[in-house]
Structure formats: C-alpha cells, structure tokens
Amino acid sequence: MVTIFDSVHECVTEHYGVDMIDVDMVMASLENAIASTGGFCCGRSFVVGHQRLSGLGYCFSASLPPLLTTAASEALKIMDEEPERFVRLRANSKAVHAGLRKVFDGTKFYVRGDDLSPLQHVHYDGKSEVAEQKLDELVEEMYTNNILLTRARYLNKEEAFPVLPSVRVMATSELSEEELIETLGLLEKTAHLLSA
C-alpha cells in the first residue's frame with residue numbers, strides 16, 4: 001500500500017483510518033503542490049534498502065535545478081509560516097465544489113471531484129465529440145469574460161483506460177467571495193446557454 005501527504009499536513013492514512021504499520025511506503029511529490037519537481041519517499045527497511053541500491057543513478061542525473069530548489073524551499077517556508085492559507089484553501093475548495101454542483105443543476109454539465117480537492121473536473125453528458133465541442137465552447141466563453149479555465153488534454157491512444165473529456169476548475173487560497181460569486185454566476189449563465 002502506498003500513501004501520500006495532502007496539503008494540510010495530514011497523512012492520507014490518518015484521513016482514511018489506515019494503520020501506518022500496514023503501509024510499506026510513504027511518498028510525496030512537489031510537482032503539483034508547489035509547482036516544482038521531486039519529492040520524497042520513505043518506508044520500511046526493505047523498501048529503503050531497495051531505493052538506496054536502485055536509485056543512485058537518479059540522484060545526480062535527475063537532480064533538481066537550483067532555481068526550482070529555491071522555489072520549492074521558499075514555498076515550503078511560506079506553507080510553514082502561513083498555515084491559515086490551508087484553512088482558506090479548504091473553505092474555497094468546498095465552496096467551489098458546492099457552487100459548481102448548484103450552477104450545473106438542470107444542464108448537461110456536471111462536476112466530478114472531492115469537495116476537499118482544489119481541482120474539480122467539469123464534464124458534459126453526451127457523445128464524446130459533442131462533449132469535446134461543448135467543453136471547448138465553455139472555456140472560450142469564460143475566457144471572453146476574463147475567467148481562465150483549462151481543458152484537460154490527454155494522449156487518448158496512450159491511455160490504458162478511456163478518459164472522459166473535461167475542463168479543470170481550480171480553487172486557490174486567495175480566491176475572494178466576490179470573485180467566487182461572479183465566476184459561478186457566469187458559469188451558470190454559460191452552462192445553461194450551451195445546454196439549450
């Protein structure tokens with residue numbers, strides 16, 4: 001079993017009530033959380049021994065460039081000094097999730113994702129080609145209103161499982177209530193227009 005840490009210093013094992021004795025390896029990535037590369041992994045002695053023997057070639061060939069090292073270090077420092085950012089992020093994530101569910105009610109758009117996740121995927125209920133078109137139209141329409149959404153893009157032929165087309169909506173700790181209300185209002189108007 002593998003576990004990772006989330007953005008509020010709570011281990012996923014604690015969140016799901018899994019005893020650490022049942023976990024062979026714990027790892028975390030800096031790639032998404034703080035827009036850097038690298039991370040860490042640790043675990044039982046046989047895992048650490050395997051990593052030590054098998055990972056030497058990666059230590060120097062894939063080491064972190066100084067700029068990313070400094071950026072990652074500064075991000076960790078900010079997280080440590082300003083824990084209230086995580087409280088705001090969690091509140092904004094829940095508000096975005098609930099808001100998206102509400103504004104898409106009665107449309108062919110729907111949201112998938114956990115209410116604690118800052119990242120939500122918006123999907124369109126329809127054939128793949130139609131869904132792709134409607135999601136592109138949603139992104140373009142929101143962009144004309146100065147709201148940036150991104151399409152999730154994949155190499156479909158390379159994927160092991162079919163991927164549903166989606167638009168990514170991201171919450172941040174700095175998102176104000178006014179910005180949230182304005183964005184959700186525009187999304188609701190656009191979604192109903194595109195679903196008609």
Colleague: To the nearest 0.5 Å, what is the distance between CD (Glu137) and NZ (Lys134)?
Modeller: 5.0 Å
Colleague: About how many Å separate OG1 of Thr172 and CD of Glu179, when rounded to the nearest 0.5 Å?
Modeller: 7.5 Å
Colleague: Take atom CD in Glu174; do more than 12 heavy atoms of anything else shown fall under 6.0 Å from it?
Modeller: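 Count over threshold, so yes.
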Colleague: Ion pair present between Lys102 and Glu188, side-chain N to carboxylate O less than 4.0 angstrom?
Modeller: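 No, this pair does not count.
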Colleague: Here's a test for you: under ring-ring contact (aromatic ring centres under 6.0 Å, His included), which of Phe104, Tyr110, Phe109 qualifies with His123?
Modeller: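 Testing His123 for a ring-ring contact (aromatic ring centres under 6.0 Å, His included) against Phe104, Tyr110, Phe109 leaves exactly one candidate, Tyr110.
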Colleague: Can you list the residues that meet the side-chain hydrogen bond (donor to acceptor under 3.5 Å, both in side chains) rule with Ser166, with sequence neighbours excluded?
Modeller: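 Expected list: His121.
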Colleague: How far apart are the C-alpha atoms of Val26 and Met20, what are their side-chain angles, what is the distance that settles it, and do they pass the side chain to side chain contact (heavy atoms under 4.5 Å, CB included) test?
Modeller: CA-CA 9 Å; Val26 176; Met20 282 299 288; 3.6 Å; yes
Colleague: Mind checking side-chain contact (heavy atoms from CB on, under 4.5 Å) for Asn146 and listing every partner two or more places apart, or none if nothing turns up?
Modeller: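 Asn146 satisfies side-chain contact (heavy atoms from CB on, under 4.5 Å) with no other residue.
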Colleague: What residues, two or more places apart in sequence or in another chain, satisfy side-chain hydrogen bond (donor to acceptor under 3.5 Å, both in side chains) together with Asp136?
Modeller: Arg151, Arg153
Colleague: Are more than 12 heavy atoms, taken from residues, nucleotides or ligands other than Arg168, located less than 6.0 Å from that residue's CZ atom?
Modeller: yes
Colleague: Quick one: closest heavy-atom pair of Asp114 and Leu116, and the distance?
Modeller: OD2-N, 2.9 Å
Colleague: More than 12 foreign heavy atoms under 6.0 Å from OH of Tyr143: is that the case here?
Modeller: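 Result for OH/Tyr143: open.
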Colleague: If I compare all heavy atoms of Gly113 with all of Gln120, which pair ends up nearest, and what's the gap?
Modeller: CA-OE1, 3.6 Å
Colleague: According to a hydrophobic-cluster definition based on side-chain heavy atoms being under 4.5 Å apart (Ile, Leu, Val, Met, Phe, Trp, Tyr only), do Val103 and Leu180 belong together?
Modeller: yes
